[in-house]
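Chain letters run A, B, ... following the sequence lines, proteins first, then strands; residues in each count from 1. In what follows, every heavy atom counts, from backbone to side chain, and hydrogens, waters and symmetry copies are set aside.
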Amino acid sequence: MVTNRLKVLVGGVQLRDGVGTVIDLVGRIATRAGLHVLANERNYASTIYGAHQFDPLLICDEPPISHGDDEIDILVALEFDANPDAPQQPNRDTILRHGEQLKNGGVLLYDASTGTVATEAFETRGIKVFPLPARQIALRELKREVVKNMVVTGALFRLLEFDMDQTFLRAFLEERFLRKGRELVDLNLTAARRGREMVEGVLQERGWENGGFRLEPRPGRESLLFMSGTDALGMGAIQAGCRFYAGYPITPASPLLAFMDQHLYTYGGRSLQGQNERESIRAALGASLAGARAMVGSSGPGISLKVEEFGLAGTAEIPIVVVDSQRAGPSTGMPTKTEQGDLRMAVGAGHGDFPRIVLAPSTLEECYTLIVEAFDLADKYQCPVFFLTDLTLAEVRQSVPERFFQESTVRITRRGVLQEDDLRRDGFKRFRITDSGISPRIFPGTPGGIFKISGTEHDEFGFVTTDPPKRKAMLEKRMRKMETYLRENARGPQIYGDPKGRPVLVGWGSSKPVLLEARARLRQEGMEVAVVQITHLWPFPIQLVKSVLEQASPLIICEQNYSGQLADLIQERCLLPTRRILKYNGRVFYVSDIIRGVREIVRNGAPEFRVAEFMPVTVEAHEGD
Amino acid sequence: MVTNRLKVLVGGVQLRDGVGTVIDLVGRIATRAGLHVLANERNYASTIYGAHQFDPLLICDEPPISHGDDEIDILVALEFDANPDAPQQPNRDTILRHGEQLKNGGVLLYDASTGTVATEAFETRGIKVFPLPARQIALRELKREVVKNMVVTGALFRLLEFDMDQTFLRAFLEERFLRKGRELVDLNLTAARRGREMVEGVLQERGWENGGFRLEPRPGRESLLFMSGTDALGMGAIQAGCRFYAGYPITPASPLLAFMDQHLYTYGGRSLQGQNERESIRAALGASLAGARAMVGSSGPGISLKVEEFGLAGTAEIPIVVVDSQRAGPSTGMPTKTEQGDLRMAVGAGHGDFPRIVLAPSTLEECYTLIVEAFDLADKYQCPVFFLTDLTLAEVRQSVPERFFQESTVRITRRGVLQEDDLRRDGFKRFRITDSGISPRIFPGTPGGIFKISGTEHDEFGFVTTDPPKRKAMLEKRMRKMETYLRENARGPQIYGDPKGRPVLVGWGSSKPVLLEARARLRQEGMEVAVVQITHLWPFPIQLVKSVLEQASPLIICEQNYSGQLADLIQERCLLPTRRILKYNGRVFYVSDIIRGVREIVRNGAPEFRVAEFMPVTVEAHEGD
Amino acid sequence: MSTQPAAKAPASKIWEENATPRHRIQWCPGCGDYGVLSALKMALTRLELMPHEVLLIGGIGCSGQIRNYLNGNGFHGTHGGPLAYAVGVKMANPDLRVMALAGDGDTFAIGVENFVHTCRRDPEVTLIVMDNGVYGLTTGQRSPTGGLGQDQPEWSEEDPPPFSPLRLALSAGATFVAQSFSGDPKHAAEVYVEAMEHPGFAFVNDFSPCVTYNKFNTYEWFKERVEPVPADHDPSDLEAAWELLADFRRRGRSPLGVIYRNPRKRKIYKRVPIWPQELENIDLEPMLRGFR
Amino acid sequence: MSTQPAAKAPASKIWEENATPRHRIQWCPGCGDYGVLSALKMALTRLELMPHEVLLIGGIGCSGQIRNYLNGNGFHGTHGGPLAYAVGVKMANPDLRVMALAGDGDTFAIGVENFVHTCRRDPEVTLIVMDNGVYGLTTGQRSPTGGLGQDQPEWSEEDPPPFSPLRLALSAGATFVAQSFSGDPKHAAEVYVEAMEHPGFAFVNDFSPCVTYNKFNTYEWFKERVEPVPADHDPSDLEAAWELLADFRRRGRSPLGVIYRNPRKRKIYKRVPIWPQELENIDLEPMLRGFR
Ligand SMILES: Cc1ncc(C[n+]2csc(CCOP(=O)(O)OP(=O)(O)O)c2C)c(N)n1
Ligand SMILES: Cc1ncc(C[n+]2csc(CCOP(=O)(O)OP(=O)(O)O)c2C)c(N)n1
Ligand code: SF4
Ligand code: SF4
Ligand SMILES: [Mg+2]
Ligand SMILES: [Mg+2]
């Protein structure tokens, strides 16, 4: 009997079967019970309806290092009939697609409303199978199809011997639905109870004592929150002083727009759904010019469309935080699949040379803390600051101690903004040539501080010029900010283990936890590797990185993109040869991917390892954009 | 008396004083006379009217290696009163700005309509000064202000003892103006004669035999044409089969739009002035899809705006030639000043990884020949091909043997386009996975060859998919084209001299002639250097380049941008450390810049040399965007 | 569960080959786009076109998927771009039948510049907008036509009133402007046929309800508010078209049918040369002449 | 040589400080933009604004240079963007006086999406377009309003007829639409004052001849064709505005004055917090609540 350590995967037809609802419910209630949950792969299609969707959730007693591998303990299949996307697999699409991931000795729970499914093969593998006519119960007995999700949740909880008296569930339902009437709460509780009873029945019929897994609440623990990476980023931004946000809807950045729409007004800010990608950033630059801490968010296509504005922000020296929730590119690519393919763009996009800063958080917590740094850096260096998250980090849902947010709150300063008292009538030069490269600025409306700001090359007053020495001085002034940054603000990589003479796995972005778990497992296998995570990617802190990486043997860069964009950057900046573990099929790295890659490279001397995903059991399936 | 080797600089107030007209006339007629001319710096402001403009023209007996340095032999100052841009310098703005460039023993010709100027300092330096009341003659005597340009030209020709019987000029004027009436021809001839007489008068008065420079026609020679780099590029494109061009007006790419507007229709093609930067490339992609060889042209800001479409072209596999006439960035930057700052963008722009090819011509002739290669590569590899010219190359006006164009004409092939006979009803897979990465394509309208094409990830039929193995296979198929390119089409660098153990100057784009002349001069000084010019920049042909560059000592990359974009690329691809000579004040490289840089680096061991331009004698001068 | 009108409509099988057998339709059951698909098949069948003669350019959105649910050449570029690609296609090859099939977000939000400029340019392209007031594919944010029929006490920059695509088209110079309703695919098909026969740019705004994200502008809502263009309306009269729109607006109604149709005098071009034999042995002289 | 009307207009010196003493005007002698500059100075003076209270957002073009020829905060971003920046500025700080000063190319070609969307959003921003029918700064290519008054026997995609910015604005939902002529700076100044007093987006199309590249629509040409809006016109009536435009079009005339003015009910916002003391010690609870 395994307690408080399991991975459950729920699958079904998108928009129809309630996959997300069940995962959300289980994750949230487990979190309330003091358990740690992690749902790191929200596998949905970019068409709204009809494709196969699945969502694995890891539940642990202590915070898990990573989501691990693609194995699962409990499989919940919600289809009740055909998956319109794969009509050849009625009623068992999820089972066919994910059956192989299910561990021997695991559990299979499926909607048997339209009949049972042949599951002998599973039983042979010691898997306990629970048919559950959830939709039938909901429709026939309870007359409300939507409560089928609750039937499933009830069944699952019973399986896990969790919340046997429905205290957690009742409290949750009352919070949600009481204002709509007691009946709704009761209906849902009944549905859950009916689910319980069905599992009960199977257990008795089969003479099983339990399902083999259980969840035990940890009531005394500190308060945990159940939230997504986007939530953490949005909260972080607001507490960092962001009071203007703009975004044009795009997966996976739309939830950030929704978050800001919902919360920014409480804090006196405003949020704008742009009518296109450029209106968004232009409005945000306008707001920044007016004094607001401003942010835009988008994903690859929308970032590509903003390139001209980045150059403007760099040249006109307007602070702006740019969140790029990366998704699988190029072009429209795979909108709902993850990738780390925009680093080269963040570092190099745009014609000509202009200052910019590129940061990449590696965890939900860093989404909260690092975004504060992003705003401070934007303010100080008056340039675009790219914040590279990715679909995985944007959509991860996990439990986080509430304390973390309170403790991580920071003081807001706004550097270098002159006010009326600071200004002597004729002395204000918006683009004063300084040693640091940083010039004084004001917010418009300040008496005595009139500015002229332009993306055309300009003199210290901001007036247009092409005078060669002035141009040279002004361009150098702007770029000098990056040297100041390297002296005053660059941060070295996070280093786990001793890199000396060992294989070193270098990563950026959301894959850090996977690298750390691979390190732990390799150690068990007797191989010591170090992990180096780079969060401050540009200006590239050569001094801080090279000294670490040159000790590696070999140096292995792990990235979710085709070409190895960080690896290329390291070669350019450090002149060190790199090996690469690359994955770009839209799925996250699994620990086993890394381990296989390290073996190939270290043992067999391969120059690179390109992860090939298992082939899911699937018929031709198409999606949208 | 120097014959057939001189540099004349004409300066004046933009739009008002006819700087360009005079240079054009002199260049064209000298070319007809069999001489070789080169005007490589069309220094104008981005505001239409009022700024100082100057235009140096080199005239030689044989084709010059490069434009050399900023020294001049003959200075022609056209202001007749105040330069509105610099009112403190009435009547002598050009003289003040360029006087120092004038060599001892040179000639100064200036418009003395509003009075003479103190020129003792020049005379002390052995400079012969010719005051010329050109505008006065035009207005008072000839009653047509515009013929002042002809007065100046006549004076200049007399000074150069050229076209003494006005045969060349008469022929030229008759071609141009005869259909408007004999009077116009005669008026212009009279104006020129009056200019001659004025010079005659000064010569007599001062007792000088001549001005010290003369031009002697070379009548027997082969026919030369007087044209710009843009003209060569446009002609090259049309003979390469380009039948659709689109561009939104932008300096310095607008003349290409004008060229295509003028000529494409003669060859059955069509040319579109986009209503914005993206409409241009989208229409061109549509035309390409329909079967046309299509091209777009723009400069930095317009290229930045097209980034999303490049990713589409790469993913949907649509051939497109993209001309980037680089100008000084970032952002609006200095629209009428030169730079090579867009290499990083061409190589890396866009989210995700997609195939692309980057070529950069280094001479007017290569604008003609290499653009053919660009179209062939686009067709073969079905991806965007970037053609990086720059303002210098776009605007250079020079004499070119007519024979060159006839001899460089090529056969057009269109690879891999299936026609009705090739198609078996169900066999056409637009994105067939092949070893070369190249898939068959058709032009729409072909019976039996229906396609579905998308920038969303797709299967071999073009239908949308996110299936991990299919995605991996399709992305790898696309990128495999770049390996095929490296095997079948990559070209190594142009190598001048033996790089072994010597300083090697590496360049790209329009600066090659300057590097070659620097090499020649350094040899005279006793220093042997090699020059390596890279025209095929991406996919970077590591095998072909690294073997050459690793012999260098030291390796010096010469570029007109701030950061050293090619140098960074070489570091990334070849893992070789680089030194850099960089210039980014908007002016072209001069031979002396390179020589100083080489000395600093080779003799003094400097890691880099940033060229600081001479400070022109100028008051605060502002321009537009 | 809602029905799928597509299943019932008569349509030649020829427009299904190559498409739906390979590609399952992934719209929500009841989505208005089924009606458009069904009407389109009718119209294409009526016009006796062959699939290889057409190019369907889809927008990005639920609606744009329609390009894959029909036989015929299909293209799908970046968001907001269908009309701009179409302009290039038609200029290069006027013989192709080009349709742009896109959503209201694609056309009126991110793509409005192409909408305005294409109305002016007047290529022989048929645009059908599946107007549902929302961005369906990105889960229901409000589009520029969103909020149709809803009043609000106060407006702000981030929360502006909807605009009228028909008025925008007329004022931008469109030569064919019509409206249809996917709840009435038969009528829609007639409008599409007229649009496709128009020698110039033809814009059809099709009310195509999003059953998942727009709970206000439903089939029922539209049914109560749509009304055919009166039989005596003269669609060739621009001022009459304006008046018709003003009249319907005053009455809180939306017209269905052809509102404006007034072909321009067009310059006729042939397909540009594309084959090697058409491109070879060209005479450089007309260009060289200018440089001597 | 033409005269520079600016030199003659009465205008407070305050609007010249900080600007023209440092920055020479580089328009061609006689350029229509001088008239606009002169009218703007009058209007700003009339409104008794202080330069630090205004933000002038210039477009890219000859016209956009005007931001540097006037005192006051100036901003100049990318081509076509003035209105989008303005929306953000006003949302963040409604207290600033924001003007967008741009060309017809900037506003109606590359920037038309911002024009359309800003008409809908209705920020309190005044837009003055210096409409000369050409891209002056890039040496005279035709703009979307180019060809005004010229007929052509045939049109094509690459050579379409001009469109009417006033109609476009009205149909996109603008709440203030007016026209002026830089040849009559006094009248233009009056129109600008009305525009700047309008609580919402105010669009003034100013005929501002390009003497260098537009040899057709000259001062003389305009003088013969402009006519004041009739005194009895009710600018608050949308249909009356349409009719006025139709009437002028029929007569081959262009109206000068306020054509439409109908303020919307607006939601009032305050400046967003920007200073550290406004941003500190915020209560996370409203956000945390949702995650428990
Ligand atoms: C540049 C860019 N930004 C954002 C998106 C995300 N996106 C996909 S579809 C869509 C809107 C779709 O709305 P609409 O055109 O009305 O189509 P519908 O889904 O309603 O049919 C958006 C914003 C994108 N694909 N590309
Ligand atoms: C992205 C981009 N494309 C092109 C240009 C070049 N450009 C500068 S001004 C201009 C047009 C100006 O026309 P208009 O707005 O009418 O202003 P005018 O000069 O006539 O006052 C263009 C196309 C640019 N600056 N940026
Ligand atoms: S989300 Fe709306 S528009 Fe999209 S398929 Fe579903 S019903 Fe249709
Ligand atoms: S080119 Fe035209 S618009 Fe520009 S300054 Fe000259 S007259 Fe004015
Ligand atoms: Mg929609
Ligand atoms: Mg203009």
Side-chain angles (χ1 to χ4, degrees), chain B residues 13-16 44-52 81-88 145 244-255 257-258 260-261 264-265 270-280 283 286-287 299 301-302 304-305 331-332 335-336 619-625, chain D residues 1-2 4 19-31 33 58-69 76-81 102-114 134-144 146 156-160 163 210-213:
Chain B
V13 172
Q14 189 164 320
L15 196 73
R16 192 192 69 174
Y44 59 109
S46 59
T47 38
I48 298 297
Y49 178 91
H52 173 65
D81 59 356
N83 173 359
D85 182 43
Q88 295 88 329
E145 199 205 353
F244 189 89
Y245 179 83
Y248 183 74
I250 189 167
T251 307
S254 302
L257 174 60
M260 296 312 244
D261 276 349
L264 215 36
Y265 292 80
R270 291 174 82 175
S271 166
L272 182 73
Q273 179 184 317
Q275 295 291 348
N276 59 53
E277 300 285 356
R278 295 187 80 199
E279 193 195 27
S280 310
S299 188
S304 282
L305 279 170
S331 198
T332 306
T336 59
V619 295
E620 288 282 336
H622 296 289
E623 297 181 12
D625 338 283
Chain D
M1 284 275 123
S2 321
Q4 306 183 7
T20 36
R22 287 203 186 122
H23 203 105
R24 287 249 0 137
I25 296 184
Q26 286 191 327
W27 288 317
C28 307
C31 174
D33 297 350
I60 298 198
C62 295
S63 43
Q65 313 301 323
I66 201 168
R67 76 191 187 277
N68 282 336
Y69 304 159
H76 176 250
T78 57
H79 195 28
D104 46 332
D106 191 285
T107 312
F108 307 132
I110 197 169
V112 79
E113 71 271 33
N114 293 317
V134 294
Y135 295 175
L137 195 57
T138 51
T139 67
Q141 299 86 354
R142 194 173 262 207
S143 86
S156 64
E157 288 87 347
E158 59 269 61
D159 195 9
F163 72 47
C210 171
V211 297
T212 300
Y213 296 114

Select one option (side chain, backbone, both, neither) describing which atoms of [X] are under 4.5 Å from chain B's heavy atoms.
X	result
D:C62	side chain
D:Y213	side chain
D:T212	side chain

Could you tell me which portion of B:P249 (side chain, backbone, both or neither) has an atom closer than 4.5 angstrom to a non-hydrogen atom of chain D?
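It is both, since atoms from each part get that close.
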
Checking B:L15 against chain D: side chain, backbone, both or neither under 4.5 Å from a heavy atom?
side chain

Side chain to side chain contact (heavy atoms under 4.5 Å, CB included) between B:Y248 and D:Q141: does it pass, once the steps are laid out?
CA-CA 10 Å; B:Y248 183 74; D:Q141 299 86 354; over 6 Å; no

Go through it in stages, so that I can follow the logic: the residues are D:V211 and B:Y49, the test is side chain to side chain contact (heavy atoms under 4.5 Å, CB included), and I'd like the CA-CA distance, side-chain angles, deciding distance and then a yes or no.
CA-CA 11 Å; D:V211 297; B:Y49 178 91; over 6 Å; no

Determine whether a donor-acceptor pair (N or O, by modelled atom type, separation under 3.5 Å) exists between the side chain of B:S299 and the backbone of B:I250.
no

Counting heavy-atom pairs closer than 4.5 Å to chain B, which one of D:G105, D:G77, D:A109 comes out on top?
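Sorted descending by pairs with chain B, the first entry is D:A109.
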
Given the options D:T139, D:D159, D:T138, D:V112, which has more heavy-atom pairs under 4.5 Å with chain B than any of the others?
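Looking at each option in turn, the highest pair count goes to D:T138.
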
Any idea which of B:D261, B:L257, B:N276, B:L305 has the most non-hydrogen atom pairs under 4.5 angstrom with chain D?
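Most heavy-atom pairs under 4.5 Å with chain D: B:N276.
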
Consider only side-chain N and O atoms of D:D33 and D:S63, and report whether a donor and an acceptor are under 3.5 Å apart.
no

List the steps and the verdict of side chain to side chain contact (heavy atoms under 4.5 Å, CB included) for B:T332 and D:T78.
CA-CA 7 Å; B:T332 306; D:T78 57; 5.5 Å; no

Go through D:I60 and D:H76 one step at a time and tell me if the side chain to side chain contact (heavy atoms under 4.5 Å, CB included) criterion holds.
CA-CA 7 Å; D:I60 298 198; D:H76 176 250; 3.4 Å; yes

